[in-house]
Amino acid sequence: MKPIRKWSTTAINQMRGRGADRGAGAIEYAGIVILVAGIILAIQGLGLSGRISGAINTWVSAIIG
């Protein structure tokens with residue numbers, strides 16, 4: 001059996017079987033919240049919010065015309 005074929009068969013079997021991921025738990029959600037909060041704090045701390053909103057406004061204006 002070719003290595004890629006073997007890998008894909010193993011991956012598909014894991015997704016369908018007992019090893020299937022049933023969804024994110026509270027720890028994963030907490031990690032995402034902490035990560036997003038850190039990004040927001042970094043943007044605010046570096047004073048980039050005005051530059052980001054200006055860039056978004058420029059791109060939207062360019063698309064809309």
Worksheet item: So, Glu28 side chain and Gly25 main chain: donor-acceptor pair closer than 3.5 Å or not?
Response: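 Yes, because the side chain of Glu28 sits within donor-acceptor range (under 3.5 Å) of the backbone of Gly25.
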So how far is it from [X] [atom1] to [Y] [atom2], rounded to the nearest 0.5 Å?
| X | Y | atom1 | atom2 | answer |
| --- | --- | --- | --- | --- |
| Ile56 | Ser61 | CD1 | OG | 11.5 Å |
| Asn57 | Ile52 | CG | CD1 | 13.5 Å |
| Ile32 | Ile27 | CD1 | CD1 | 12.0 Å |

Discussion item. Quick check on Leu46: does its CG atom have over 12 non-hydrogen neighbours (other residues, nucleotides or ligands) under 6.0 Å away?
Written reply: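 Counting other residues, nucleotides and ligands, CG of Leu46 exceeds 12 neighbours.
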Fill in: In one Ile/Leu/Val/Met/Phe/Trp/Tyr side-chain cluster, 4.5 Å: Val60, Leu48
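Yes, because Val60 and Leu48 connect within a single hydrophobic cluster, where side-chain heavy atoms sit under 4.5 Å apart.
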